[in-house]
Asks: 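Attaching a single structure in structure tokens format; questions to follow.
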Amino acid sequence: MKNGDHLFLVDGSGYIFRAYHALPPLNRKSDGLPVSAVLGFCNMVWKLLQDARNTAVGVVPTHFAVIFDYSSKTFRNELYAEYKANRSAPPEDLIPQFGLIREATRAFDLPCLEMEGYEADDLIATYARLAREAGGDVTIISSDKDLMQLVGPNVSMYDPMKDRQIGIAEVIEKWGVPPEKMIDLQALTGDSIDNVPGVPGIGPKTAAQLLETFGDLDTLLARAGEIKQDKRRETIISNAENARISRELVRLKDDVTVADPLGDLVLQSPDGQKLIAFLKAMEFSTLTRRVAEATGTDIAAIESAKIAVESGAEAHGPDVGAGQPQVRAAAPQPGNAGPATTGAGPAVTDTPQTPAMLATARAQAVVGATIERTGYACIRDLATLEQWVAEARATGIVAFRTETTSLDPMRAEPVGFALAVGPGRAAYIPVGHRASAADLLGGGRTDNQIALNDALSALKPLLADRSVLKIGHNLKYDWLMMHRLGIDVAPFDDTMLISYVLGAGTGSHDITALAERWLGHEMIPFKEVIGSGKNLITFDLVDIERATTYATEGADIAIRLWQILKPRLTADGLVSVYERLERPLVPVLARMEERGISVDRQMLSRLSGEFAQRAGALEEDVYTAAGERFTIGSPKQLGDIMFGKMGLPGGSKTKSGQWSTTAQLLEELAAEGYELPRRIVDWRQLTKLKSTYTDALPEYIHPETKRLHTSYALASTPTGRISSSEPNLQNIPIRTSEGRRIRTAFIADKGNKLVSADYSQIELRVLAHIADIPQLRQAFADGVDIHAMTASEMFGVPVAGMPSDVRRRAKAINFGIVYGISAFGLANQLSIPREEAGAYIKKYFERFPGIKDYMDSSKQMARDKGYVETIFGRRIHYPEIRSSNPSVRAFNERASINAPIQGSAADIIRRAMVRMEDALREARLSARMLLQVHDELIFETSEEEVEATLPVVKKVMENAAMPAVSMVVPLHVDARAADNWDEAH
DNA sequence: AGGTTGACATA
DNA sequence: GTATGTCAACCTT
């Protein structure tokens, strides 16, 4: 080791306990092996190896070692027999993890050090001294106060759970003494956990004050008679010997004769194969994937390592069942235990034996609990808030929701925050309630509220604490709110998304519906709180008592729903759908919403004017032709005039008995030479474009960002597609030339370009994959025109020189297939007789029998199981598929044919979106993802980076199904850049 | 004031 | 034939 080298010393034993208690006991192997501490350890080590520069440490290590306690007996027991005597045995489900963490260390190719008779802390002290003397720097990965005595100019500590560095200043800040006086301070305060006696009645504050006055422990003991306070003087004098013994117990031994020289601690790059074999055996899928990507290793090619679970708490007992992982804890614990079982020690023996049984038991327990709104607290001062935050951090799980002035998180101002740390234990923190709206000068804020900034400072360590799980309902809203306020909420669960994964297609996932369904509880309707119509008020004007009841109920219900629903994910095998396709999209979509997109307001305004003028001219023509003035926009009036008064040949009637006046019908009449229907169709197009786009979009431009911010809904479609609203940016016109002019108003900022990347024929490719159709596979592999190929197969027409109408019919059939074709629908689409459409379908099924098989099996699965699945395992439920109403049944059958296709395509682009930001960051590109339109992603990037960005975007999208699904047809993405959306697409 | 209908924009 | 969201007109409350 030389000058400039940097040694990382990981306190392995300390980390085990801390990770075990801080992390929810989530991570168990399929066989029940408890591994949450192992996962926490592996994630921490991997992060430090891979990305130490981006942590609070900020430097890359050259040397690295993980250090463990050998056993509980050390030289300190000879000094003081009672040392650590009241340590109880470790929790039963922690025991197998001691050995596993040592295995993990070896799998990372890191030195794994321990020595008989010494604690890990002594080895750390020794190596820290050796490194310091060799001219290197040291970082101790631990937050244990027992190690703080080692901190100095070249030695600091790092708390990986809080991503916080602990140097000299931090020690002084926390303990009131510099690191070199920590030994004396601990000698005075003692340590109840380690059974270090110290001096009774002396805590850290008094100890620091005494050391400040007397300098050090020896001086203090020598001059104890000078202490003014009678009681304190007496206890110190009578406990002087205890203090001296304590000093020897807490003083770390930095001259242990170590077996491994510093040179052996040089950091090696990990062997991907060995590491992945271990991670795979642990079933740490996310980390395995990360490591595989970083080391360029093929996961599939590596077999899981055989991990023997050692029996002893300190890993030196005989192996149990070598070669196979063994379950040590007697009873499986809930995979996703609620607060009641967090860190609760050994499992009780009568817990349910399977995830499904657990889920049922959990639901019964929660449903049985009464929901009393009277227990809700209102937090009015910072000290009380700090207590709640501390309780939440100790529990490790907290439900959280924000109350604001608007449903639009880009315009909302915070009004209050609600927390729930357990069922019925909830509190509301008002920060922005006002007495009246009349006061325009900003006064009128009601008394006894915590200032917003104080509340945020208190909440931030909780909301950003990676060891505390935050639970929300529709958390994207709260995430974006908090992000605007400078807080990154993580980690989190979203009960709306869990419910969506469990039951897409079974009804609403809003919190009031779920409370009703799962808890039989009727929540206070939002409308009852804020009123409606002319009595509508913003939440800041709701009186605090009422707000408290409403907001805390929301948090309370969220945590109860989480307790019921989260275990069901495991029971139903839907954990990975939730964790890979839903949850990670929350911050991704929130950032897209926050970025927004620029539009050219002048261009939209000019278009509005032009559309108005042309529509006006058409109106006059229509009135002249009709012989009277009427409301053209009223289908009822229009139908009466055209088909009643004027006697044009009408078509069908709508279900309410009105004449149908759809564009398709009017087009047909226009083709027969009638003037009026043509004008109506044109008028409708212009007024539609004007009202929905050129007039409406500018209203949505944000006053501060000057951009358009849509809102995405993650749980609004049964198939897994996301939807966009206020404004809907997924239905911006493209088909007509007039419509496309609206697209040209979507622009990049100066110096930037818009990039559009869209999947080519993704749904037909998914169909070719699922149904495994040879001709389709071949056509996509060869890159031929898929509709022309279909036409050629069906009508025997060669692809070269094919008439456009033949291709058009084939295209309609292909679309029809994806939509769960019916002769009625196809006939309608192609304006041909039902019999002819039926013949087409029959012919199609003869040419592609695999498609018929797919359709039949989809329907059958929906009937048998009540749901169908995408290729990634997302379920879409069809509870009405057995309806006795034939049209309801037929509708459900068509939907169950379409859902796996539409849903798999939706899953693919979700996967691309989840990976996109990291991929761009790794490629050092600044492109920002702005919009998603089902099979298309829109980015904004600087002009210089356009060429480098296109291939990265393309690659992520085309490989998005991998490695979960290896598709039998390639995915193809077209990507282009331009100044506006029309040209980029 | 709020909900429903028919029409039409997108994938 | 699938999946959405928004608008104007109209009807109910």
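We name chains A, B, ... by the order of the sequence lines, and we start the count at 1 in each one.
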Asks: Given atom CG of A:L937 and atom P of B:dA11, what is their separation to the nearest angstrom?
Replies: 14 Å
Asks: Does the pair A:D682 and A:R679 meet the rule for a salt bridge (charged side-chain N to carboxylate O under 4.0 Å, His left out), with working shown?
Replies: CA-CA 5 Å; A:D682 290 345; A:R679 301 232 194 293; over 6 Å; no
Asks: Under a 4.0 Å threshold between the charged nitrogen and the carboxylate oxygen, would A:E893 count as salt-bridged to A:R882?
Replies: no
Asks: As a test of reading the structure: which of B:dA7, C:dA3, C:dC7 is closest to the side chain of A:T692, going by heavy atoms?
Replies: C:dC7
Asks: Rounding to an integer number of Å, can you tell me how far A:F630 CZ sits from C:dA9 P?
Replies: 12 Å
Asks: Of the listed nucleotides (B:dA11, C:dA3, C:dA9), which one gets closest to any side-chain atom of A:H934?
Replies: B:dA11
Asks: May I ask you to say whether A:E958 pairs ionically with A:R915, meaning some side-chain N is under 4.0 Å from a carboxylate O?
Replies: no
Asks: Under 4.0 Å between a side-chain N or O of A:T654 and OP1 or OP2 of B:dG6?
Replies: yes
Asks: To the nearest angstrom, how far is A:D695 atom CG from C:dT6 atom C1'?
Replies: 13 Å
Asks: So what does A:S822 hit on the nucleic acid, given a heavy-atom distance under 4.0 Å: a base, only sugar-phosphate, or nothing?
Replies: base
Asks: Measure from the ring center of A:Y844 to the ring center of A:Y840 and say whether it is less than 6.0 Å.
Replies: no
Asks: Between A:S723 and C:dG5, does any side-chain N or O lie under 4.0 Å from OP1 or OP2?
Replies: yes
Asks: Between C:dT4 atom P and A:Q902 atom CD, what is the distance in whole Å?
Replies: 7 Å
Asks: So what does A:E763 touch, heavy atoms closer than 4.0 Å: a base, only the sugar-phosphate, or nothing?
Replies: nothing
Asks: A:R684 near the nucleic acid: base, sugar-phosphate alone, or nothing, with a heavy-atom cut-off under 4.0 Å?
Replies: sugar-phosphate
Asks: Counting side-chain heavy atoms from C-beta on, which of C:dT6, C:dG1, B:dG6 comes nearest to A:A812?
Replies: C:dG1
Asks: Among the nucleotides B:dA9, B:dA11, C:dG1, which one has an atom lying closest to any side-chain atom of A:R894?
Replies: C:dG1
Asks: Hey, is the side chain of A:S532 poking within less than 4.0 Å of OP1 or OP2 on B:dG2, counting only N and O atoms?
Replies: yes
Asks: Where the side chain of A:T719 is concerned, which of B:dA11, C:dA3, C:dG1 is the nearest nucleotide?
Replies: C:dA3
Asks: Which is true for A:V818 with a 4.0 Å heavy-atom rule: it touches a base, it touches only sugar-phosphate, or it touches nothing?
Replies: nothing
Asks: May I ask you to evaluate whether A:T661 reaches the phosphate of B:dA7, defined as a side-chain N or O under 4.0 Å from OP1 or OP2?
Replies: yes
Asks: Please evaluate the base of B:dC8 for a donor-acceptor partner in the side chain of A:K688 within a cut-off of under 3.5 Å?
Replies: yes
Asks: Can you check the A:Q829 CD to C:dT2 C1' distance for me, whole Å?
Replies: 12 Å
Asks: Over how many whole Å does the gap from A:K811 atom NZ to C:dT2 atom C1' extend?
Replies: 16 Å
Asks: Does A:E628 pair with A:K645 as a salt bridge, N-O distance under 4.0 Å?
Replies: yes
Asks: Just to confirm, is there a sub-4.0 Å distance from OP1 or OP2 of C:dC10 to any side-chain nitrogen or oxygen of A:Q637?
Replies: yes
Asks: B:dA11 phosphate, OP1 or OP2: any side-chain N/O from A:R721 under 4.0 angstrom?
Replies: no
Asks: Compare the minimum distances between each of C:dA3, B:dA11, C:dC7 and the side chain of A:A696, then state the nucleotide with the smallest one.
Replies: C:dC7
Asks: Between A:S716 and C:dG5, is there a side-chain N or O to OP1/OP2 distance below 4.0 Å?
Replies: yes
Asks: Indicate, with a heavy-atom threshold strictly under 4.0 Å, whether A:I817 touches base, sugar-phosphate, or nothing.
Replies: nothing
Asks: Set out, in order, the CA-CA distance, both residues' side-chain angles and the distance that settles salt bridge (charged side-chain N to carboxylate O under 4.0 Å, His left out) for A:K476 and A:D494, then state yes or no.
Replies: CA-CA 9 Å; A:K476 177 163 64 63; A:D494 187 330; over 6 Å; no
Asks: Below 4.0 angstrom from OP1 or OP2 of B:dG6, is there any side-chain N or O of A:S656?
Replies: yes
Asks: For A:A713, answer base if it contacts any base atom (sugar-phosphate contacts may also be present), sugar-phosphate if it contacts only those atoms, and nothing otherwise; contact means non-hydrogen atoms under 4.0 Å.
Replies: nothing
Asks: Measure the distance from OH on A:Y693 to P on B:dA7 and round it to the nearest whole Å.
Replies: 17 Å
Asks: Students often get this wrong, so: under 4.0 angstrom with heavy atoms, is A:G533 touching a base, only sugar-phosphate, or nothing?
Replies: sugar-phosphate
Asks: Evaluate the salt bridge (charged side-chain N to carboxylate O under 4.0 Å, His left out) criterion for residues A:K690 and A:E610: first the C-alpha distance (whole Å), next the side-chain angles of each, then the deciding distance (0.1 Å), finally the verdict.
Replies: CA-CA 9 Å; A:K690 180 171 184 291; A:E610 185 191 323; over 6 Å; no
Asks: If you check the A:N728 side chain, which of C:dC10, C:dG5, B:dA7 turns out closest?
Replies: C:dG5
Asks: Which nucleotide, C:dA9, B:dT10, B:dG6, lies nearest any side-chain atom of A:I734?
Replies: B:dT10
Asks: Identify which nucleotide among C:dC7, B:dA11, C:dG1 has an atom closest to any side-chain atom of A:R743, counting heavy atoms from C-beta outward.
Replies: B:dA11
Asks: Name the closest nucleotide to the A:N828 side chain, picking from C:dG1, B:dA7, B:dA11.
Replies: C:dG1
Asks: Would you check if there is a donor-acceptor pair between the side chains of A:D864 and A:Q860 at a distance under 3.5 Å?
Replies: yes
Asks: Could you state the atom-to-atom distance from CG of A:N731 to C1' of C:dT6 in whole Å?
Replies: 7 Å
